[in-house]
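Heads up: numbering here begins at 1 and tracks the sequence.
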Amino acid sequence: MKNLKNIILPTVILTVICAILGLGLSYTNEITKDIIASQNAQKQQEAMKSALPAFSYEQIAETDGCVIYAATQGDPVGYVVSSSANGYGGKIEVMVGIDLGGQIYGVQIVSCDDETAGIGQKVADDGFKSGFNMINADDIEDVDTITGATISSTAVKTAVEKAYEAYESEVDGK
């Protein structure tokens, strides 16, 4: 009987504690999910404006994990494509601005939080991103990689290429 009490009582106590903590986490998630979604949407809008400045962006297509937005400033100014690729630590998300002539206007890193701090996260620095400004799709491979962050740099290039391919198939090819 004593052995049974030494097993059942701690089990019940741990179950109650886990249930309370689970409910607490669920409640916290419920009250913060709208705030987090709002912050993510704002971050995405800022990234779009950095990739290709415009007054408004309207989603026009989604293909192969890429989302394509038409960028307008009264008149069309180009397209912004959301894309991602796996880096050293995880997924790197980018926004690629493409002007009406099909040239890459700019690239903005939306997320590279899982990359190594001080090395892989350098892909978000202006020095690296500026290598993509006003280039043709054929020149993506010529953008210099960051020493010590080759995998992260290559992931950004891959995401940019993927974005451009989505643009070509959904917009330029039509």
Side-chain angles (χ1 to χ4, degrees), residues 33-146 149-174:
K33 72 178 180 183
D34 292 337
I35 296 168
I36 293 169
S38 173
Q39 289 174 342
N40 287 340
Q42 182 180 0
K43 187 176 181 180
Q44 186 175 17
Q45 282 291 325
E46 290 170 2
M48 284 188 214
K49 287 183 184 213
S50 293
L52 182 68
F55 288 138
S56 66
Y57 303 90
E58 179 184 341
Q59 183 176 335
I60 58 170
E62 190 169 345
T63 180
D64 296 328
C66 296
V67 181
I68 304 169
Y69 302 88
T72 58
Q73 200 153 314
D75 293 322
V77 293
Y79 301 90
V80 176
V81 184
S82 171
S83 179
S84 65
N86 288 325
Y88 181 75
K91 190 186 331 183
I92 297 176
E93 298 177 45
V94 302
M95 287 284 182
V96 180
I98 302 170
D99 66 19
L100 292 175
Q103 196 170 39
I104 296 173
Y105 181 86
V107 171
Q108 182 64 32
I109 308 299
V110 177
S111 174
C112 65
D113 300 334
D114 295 333
E115 298 304 295
T116 306
I119 301 172
Q121 289 183 356
K122 285 184 179 180
V123 297
D125 292 349
D126 289 335
F128 176 69
K129 293 184 305 185
S130 66
F132 294 98
N133 293 353
M134 303 309 295
I135 66 170
N136 294 313
D138 298 337
D139 299 329
I140 294 171
E141 279 303 314
D142 295 336
V143 174
D144 291 334
T145 58
I146 298 171
T150 306
I151 296 172
S152 301
S153 303
T154 303
V156 172
K157 289 181 181 183
T158 300
V160 172
E161 288 172 343
K162 184 177 166 186
Y164 199 85
E165 289 169 4
Y167 157 78
E168 281 185 315
S169 71
E170 293 294 322
V171 177
D172 197 36
K174 290 186 175 183

Sequence neighbours left out, what passes side-chain contact (heavy atoms from CB on, under 4.5 Å) with [X]? Give chain and number order.
X	answer
Ile151	Tyr88
Ser111	Glu93, Asp113
Glu161	Ile140, Glu141

Does a side-chain heavy-atom distance below 4.5 Å link [X] with [Y]?
X	Y	value
Leu52	Ile98	no
Tyr105	Pro53	yes
Val171	Val81	no

How many angstroms lie between [atom1] in [X] and [atom2] in [Y], if you round to the nearest 0.5 Å?
X	Y	atom1	atom2	value
Ile135	Ile104	CD1	CD1	4.5 Å
Lys43	Ile36	NZ	CD1	12.0 Å
Phe128	Ser152	CZ	OG	9.0 Å
Ser83	Ile68	OG	CD1	10.0 Å
Gln121	Ile109	CD	CD1	11.0 Å
Met95	Gln45	CE	CD	8.0 Å

Which heavy atom in [X] sits nearest to a heavy atom in [Y], and how many Å separate them?
X	Y	answer
Ala47	Val110	CB-CG2, 3.7 Å
Ser130	Gly127	OG-O, 3.1 Å
Asn133	Gly106	OD1-CA, 3.6 Å
Tyr167	Gly102	OH-CA, 3.6 Å
Leu100	Pro76	CD1-O, 3.2 Å
Gly120	Ala149	CA-CB, 3.9 Å

Backbone of [Y] reached by a side-chain donor or acceptor of [X] within 3.5 Å:
X	Y	result
Ser82	Val67	no
Asn136	Asp138	no
Ser50	Glu46	yes
Glu115	Gly90	yes

Derivation and outcome, side chain to side chain contact (heavy atoms under 4.5 Å, CB included), residues Met134 and Asp99: CA-CA 9 Å; Met134 303 309 295; Asp99 66 19; 3.9 Å; yes
Residues that Lys129 engages under salt bridge (Lys or Arg N to Asp or Glu O under 4.0 Å), provided they are two or more places apart: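 Lys129 satisfies salt bridge (Lys or Arg N to Asp or Glu O under 4.0 Å) with Asp126 once adjacent residues are dropped.
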Residues that Gln103 engages under side-chain hydrogen bond (donor to acceptor under 3.5 Å, both in side chains), provided they are two or more places apart: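 Partners of Gln103 by the side-chain hydrogen bond (donor to acceptor under 3.5 Å, both in side chains) criterion come out as none, since no residue qualifies.
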Within residues 63-81 or reaching into it, pairs that qualify as side-chain hydrogen bond (donor to acceptor under 3.5 Å, both in side chains) - sequence neighbours excluded: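 Output for this query lists Gln44-Tyr69, Ser56-Thr72.
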CZ (Phe132) with more than 12 external heavy atoms under 6.0 Å: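 Correct, the count exceeds 12.
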